[in-house]
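These notes concern the structure reproduced below.
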Amino acid sequence: MNIVFIASECHPFAKTGGLADVVGSLPIALKKLGHNPIVIIPKYQNIDVNKYNLIKHQDLLGVWMGNKLEWCSVWKSSLPENVDVFFIEFDAYFNREGFYCDNHMNDYLDNPQRFCFFTRAALQFCIDNKINVDIFSFHDWQTAPGTCYQKTWHWNNEYIGKAASVLTIHNIGYQGKYSTYGYDYLGLGWENFHNQAFEDFGGINLLKGGIFFADMVNTVSPTYAKETLTELGSHGLHTYLANKGDRYIGILNGVDYEHWDPEIDTYIPQNYNIKTIEKKSINKRVLQEQFLLEINDNIPVIGIVSRFAHQKGLQLLFGTIERIVNDMIVQFAILGSGDKGLESYFGYLPAKYQGKIGSYIGYNERLAHLIEAGSDFFLMPSIYEPCGLNQIYSLRYGTLPIVRATGGLDDTVIQYDETTGNGTGFKFYAIDPNAVYYTVGWAVSTYYDRKHHYKQMQKLAIEQDFSWEKSAKEYIKLYERTIKSKNL
Ligand code: ADP
């Protein structure tokens, strides 16, 4: 199958979150299974042309928007397994400091123009390059309108007209809601500006329209698929998803064990595996040093690596984290950025709780790996979590997750059973600071008082397999079903 990924992020070129990890990994797994995927993303200002060997592929690509012809260029690089990655260069839209917002977290108001343009350019690229597409894989609100363009502008095109579209929702909390300013330019058509498609309380909702036109919609875990069929879990889109019937399913993300396996991880000071798990403590020592924690192998370290966004539930730690370090002998190593209130709170805690809480405010891939490798537990108190990758990485690093049982967190972590020692982590259900407090207490007491259970859990955690190969096979089944149902 010729599968074209059109997305706003792809690891390692451009990443703000899990979407990038999926777009940077799934195509590689599909290629290994004998398919022919390519990836198309925008050429953002901070993509390092030299580091990733980007070369100019096409000087001029003409893109008709609703009321204007734009000209852009295309660059090329690749992922492992020779998966081609193409970059749409259009400085007016992408030569900016951030992907979706400026450095002060202000959303770019022309985001609909930017990403609709990008999506139209990607489709035009396939036509210009005579790619016979079987599947278009669109991702989140940024490229969701592609499902509409393909059906309205290109339904009869010899190269892309027959392709089936799969829209993958990585996070339904972000829907691409904007005013109708500049709607003509988007080329979505006023005939599609109605309640079932792009109209939403008088404004535009790009994800909603994308869902309407997609041949198939999926999200990134089975439990999140169920949660998004409820009003609260779907942020209002549940009825539109329900309308898709069996054309809406959940497929759990895989993870890229080539980047996230302590046996071969090049970021961490000491590699280890299930047989040499005792060497993990060398990473713990370095972690304690770098986060200015008391160096003591016997004190459990709880790691956090996260965007500081409401979704991640870190506001539940306001005050609670202080109760925890006051009442329990435990340390925290925190890495993240985003919400300014949380940044200043987590930034100030190390001064108040010296040696007990360490933090780094910012984005740092090496430290993310060090936290996974050096911590004893990993905390994710998410309000909702479509899939979540960090808890899956944690399992492979023998770093037991403490999570709220939602979405992919519920699907991937096995609850600790105190009678048998079975399980891979600690789950709580209530969105409540006390639930965090007591579950951390449960984990810490297991560490101190039931060490044999802790070790048994570590072993089971490391053995868990969430490789992309498994998920990629499910995607192939989904693609085949989509093509079949489109041709009925
Ligand atoms: P989301 O996509 O909602 O942010 P996921 O758990 O699915 O959450 O994926 C987060 C990814 O981003 C992981 O690979 C994680 O390591 C990475 N990440 C998040 N914040 C940071 C940070 N401050 N520094 C380095 N990596 C980070």
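Atoms considered below: every heavy atom in the structure, side chains included; atoms not considered: hydrogens, waters and symmetry mates. Remember, it's 1-based here, ligands and their atoms both numbered in the order they're listed.
When every heavy atom of Leu167 is checked against every heavy atom of Thr147, the shortest pair comes out as CB-CG2, 4.4 Å.
A salt bridge links Lys352 and Glu322; the closest N-O separation between the charged side-chain nitrogens and carboxylate oxygens is under 4.0 Å. The pair Asp465-Lys470 fails the salt-bridge criterion, with no side-chain N (NZ, NE, NH1 or NH2) lying under 4.0 Å from an Asp/Glu carboxylate O.
Regarding atom 2 (O) of ligand 1, its nearest protein heavy-atom neighbour is Gly18 N, 2.5 Å. Looking at atom 4 (O) of ligand 1, its nearest protein heavy atom turns out to be Arg307 NE, 2.7 Å. Of the protein's heavy atoms, Leu389 N, 3.7 Å lies nearest to atom 5 (P) of ligand 1. Nearest to atom 24 (N) of ligand 1 among the protein's heavy atoms is Asn364 N, 3.0 Å. Protein heavy atom in closest approach to atom 27 (C) of ligand 1: Tyr363 CE1, 3.4 Å. The protein heavy atom nearest to atom 20 (N) of ligand 1 is Ser306 C, 3.7 Å. Closest protein heavy atom to atom 23 (N) of ligand 1: Gly362 O, 2.8 Å.
For the residue pair Trp75/Glu89, the side-chain donor-acceptor check at 3.5 Å is satisfied.
Here Asn390 has heavy atoms under 4.0 Å from ligand 1 in both its backbone and its side chain.
For the side chain to side chain contact (heavy atoms under 4.5 Å, CB included) test with Lys427, the passing option among Leu409, Val413, Thr439, Ile414 is Val413; the others fail.
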Verdict with reasoning, Gln288 to Asn296, per side-chain hydrogen bond (donor to acceptor under 3.5 Å, both in side chains): CA-CA 8 Å; Gln288 285 174 325; Asn296 185 335; over 6 Å; no

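Distances between N or O atoms of Lys15 and those of ligand 1 include at least one value under 3.5 Å. Distances between N or O atoms of Lys312 and those of ligand 1 include at least one value under 3.5 Å. In terms of polar-atom proximity, Gly17 is not counted as a contact of ligand 1, lacking any N or O under 3.5 Å from an N or O of the ligand.
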